[in-house]
Amino acid sequence: MWDAPCTKERSPIPELPEVETVRRELEPWLTGRRILSAALVDAQPGPKYANLKHAEGQQIVRVDRRGKFLLLPLASPDPQRDGTERDVLVIHLGMTGVVTHVQPAAHERVRLTLDGRDKTTLHFQDVRRFGRFLLLEEGNPAALPTLAAMGPEPLADDFTTEALWRGVRGREAAIKTLLLSQRPVAGVGNIYADEALWRVGIHPRRPARQLTKKQVAHLHGAIRDVLQASIEAQGTTLYDYRTVNGEVGAYLEKLDAYGHEGEPCRRCGTTIERIVVGQRSSHVCPTCQRPPRARRKQRPTRR
DNA sequence: CGAGTGCCCTGACAGC
DNA sequence: TGCTGTCAGGGCACTC
C-alpha cells in the first residue's frame, strides 16, 4: 500500500478518461435541453467565461469531447441561423472543475437553467479557476488555440503510428513536453504521459527527434493502452472517489510511475525518481528510462 | 515558426 | 496556535 507521499493525493486530475466519464454522464442529461439562462455566479467576466449570454435560448444538440474539452454544439432558435451557424458551449474542467445538478457549497462559477422537469439547474464549480466555461462562436476557433491545433483523438482510427511519427519527428522539444502540447495527439496529460513513457522505457526529457520509428510505434500503442484501460476503469473509480471520502487506493493503484516517487519500479526495482520536465513533475525509472546525454554546457561567453 | 518561461488560482501541508 | 512559504498543474501570453 501507500506510504506518506501518496496519502495527500486529492481527487484525480481530469484527464481524457475522466473527461470522457463526465461526458457520458452529461449526455443523457443535457442532450436536447434548451438553455433558459446562463449566468456567472462567483466569478468575474473574462475570456474563461466568454459570450455565455449568447447561450440563452439555444438548445444543446449533443455532448461531445475533444481531448480534454467538452463541446456542446448549440442550435439557435433563430431560423435564419439554424443549421448554418452553430455556437458551441465549451467546458474545460482545468484542475478542479465539476459539472453537477447539485448545488455546490462554494466556488460555483457558472449556472445554467434548463427547460424540462428534472435537474433543471446546471452548476459549474471550480475551486481554482483553471477551468473554462464559455461559448465559442463558430468561425472563431482561434479563440482557443490549443483546441484549434489539437491532434487526433488517441482512440480514433486516424491516430496511427504514422500520425504520431509525423507529429514528433525532427522536433527538438522533450517528448513529454510535446505530448502535453496536445498537438501530436489529443488528451494526454501529465499522469498518462508519465505512464505511457514508463511503459515503453522512454525518458520524458528525451528530445523527440532522437526517437526511432520503432520507439514511436511502441509509444503509440502505450498511449492507447493506458487511456483505454483508464476509461474502462473510470466508471467505477471515479464514482468511488466521489462517494468514498478519503479513499485513494482504487485510482492510484493502477498507475505504475505517477505518484510512485521513492518506491521500487515495478519492472526492475530501481527507485522511481521525481524530476521536472517542462515545469511539470515527472516520474521516471532511471534504469528503464535511460536519460538523454546531459546537454553540453554552453561555453562561458568571453568578455 | 519552434522552444522556453512565467502566470493564473486556491487549498493542503510543512516548518517554525 | 498561527503565520509564512511551497507545491500542484492545463492552457495561454509572451519573448527570443
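Chain identifiers are assigned alphabetically (A, B, ...) following the order of the sequence lines, protein sequences preceding nucleic acid strands; residue numbering begins at 1 within each chain. Quick caveat: nothing in here was measured; it's all calculated off a predicted structure.
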Counting only side-chain nitrogens and oxygens, does [X] get under 4.0 Å of the OP1 or OP2 atom of [N]?
{"X": "A:Y258", "N": "C:dG9", "result": "yes"}
{"X": "A:K68", "N": "C:dG11", "result": "yes"}
{"X": "A:Q279", "N": "B:dG4", "result": "no"}
{"X": "A:H107", "N": "B:dC9", "result": "no"}

When the distance from [atom1] of [X] to [atom2] of [N] is rounded to whole Å, what number comes out?
{"X": "A:Y49", "N": "C:dG11", "atom1": "OH", "atom2": "P", "answer": "15 Å"}
{"X": "A:R183", "N": "C:dC12", "atom1": "CZ", "atom2": "C1'", "answer": "13 Å"}
{"X": "A:R171", "N": "B:dG2", "atom1": "CZ", "atom2": "P", "answer": "5 Å"}
{"X": "A:E261", "N": "C:dA8", "atom1": "CD", "atom2": "P", "answer": "9 Å"}
{"X": "A:H283", "N": "C:dC7", "atom1": "NE2", "atom2": "C1'", "answer": "12 Å"}
{"X": "A:R169", "N": "B:dG2", "atom1": "CZ", "atom2": "C1'", "answer": "16 Å"}
{"X": "A:Y192", "N": "C:dG9", "atom1": "OH", "atom2": "C1'", "answer": "15 Å"}
{"X": "A:I91", "N": "C:dG10", "atom1": "CD1", "atom2": "P", "answer": "19 Å"}

Do the side chains of [X] and [Y] get close enough for a salt bridge, i.e. N-O under 4.0 angstrom?
{"X": "A:E153", "Y": "A:R66", "result": "yes"}
{"X": "A:D194", "Y": "A:K176", "result": "yes"}
{"X": "A:D118", "Y": "A:R33", "result": "yes"}

Of the candidate nucleotides [options], which contains the atom at the shortest distance from the side chain of [X]?
{"X": "A:R280", "options": "B:dG11, C:dG10, C:dC12", "answer": "C:dG10"}
{"X": "A:M95", "options": "B:dA3, C:dG9, B:dG2", "answer": "C:dG9"}
{"X": "A:P145", "options": "C:dA13, C:dG10, B:dG2", "answer": "C:dA13"}
{"X": "A:N190", "options": "C:dG9, C:dC12, B:dT10", "answer": "C:dG9"}
{"X": "A:R274", "options": "B:dG6, C:dA8, C:dC12", "answer": "C:dA8"}
{"X": "A:S281", "options": "B:dT10, C:dG9, B:dA3", "answer": "C:dG9"}

- Query: Base, sugar-phosphate alone, or nothing: which one does A:L144 contact when heavy atoms must sit under 4.0 Å apart?
  - Reply: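 If one applies the 4.0 Å heavy-atom cut-off, A:L144 turns out to touch the sugar-phosphate alone, with no base involved.
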
Cut-off 3.5 Å, no hydrogens considered: what does the side-chain donor-acceptor table look like for residues 197-208 of chain A, sequence neighbours left out?
| from | atom 1 | to | atom 2 | distance (Å) |
| --- | --- | --- | --- | --- |
| A:H203 | ND1 | A:R205 | N | 3.0 |
| A:R205 | NH2 | A:V276 | O | 2.6 |
| A:R206 | NH1 | A:Q210 | OE1 | 2.6 |
| A:R206 | NH2 | A:R290 | O | 3.2 |

- Item | Rounded to 10 degrees, the angle between the two terminal axes of the helix from B:dG2-C:dC16 to B:dC16-C:dG2, each from five pairs | 40°

Minimum heavy-atom distance [X]-[Y], with the two atoms named:
{"X": "A:T121", "Y": "A:W29", "value": "O-CZ2, 3.7 Å"}
{"X": "A:R24", "Y": "A:I231", "value": "NH2-CG2, 3.7 Å"}
{"X": "A:L70", "Y": "A:R23", "value": "CD2-CB, 3.6 Å"}
{"X": "A:V188", "Y": "A:Q182", "value": "O-NE2, 3.0 Å"}
{"X": "A:L180", "Y": "A:G189", "value": "CD2-C, 3.3 Å"}

- Message: Counting only heavy atoms not in A:Q103 (residues, nucleotides, ligands), do more than 12 fall under 6.0 Å from its CD?
- Response: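 Yes, because the 6.0 Å sphere around CD of A:Q103 holds more than 12 heavy atoms from other groups.
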
- Message: Which residues in residues 123-136 of chain A have a heavy atom closer than 4.0 Å to any atom of DNA chain C?
- Response: A:R128, A:F130, A:R132

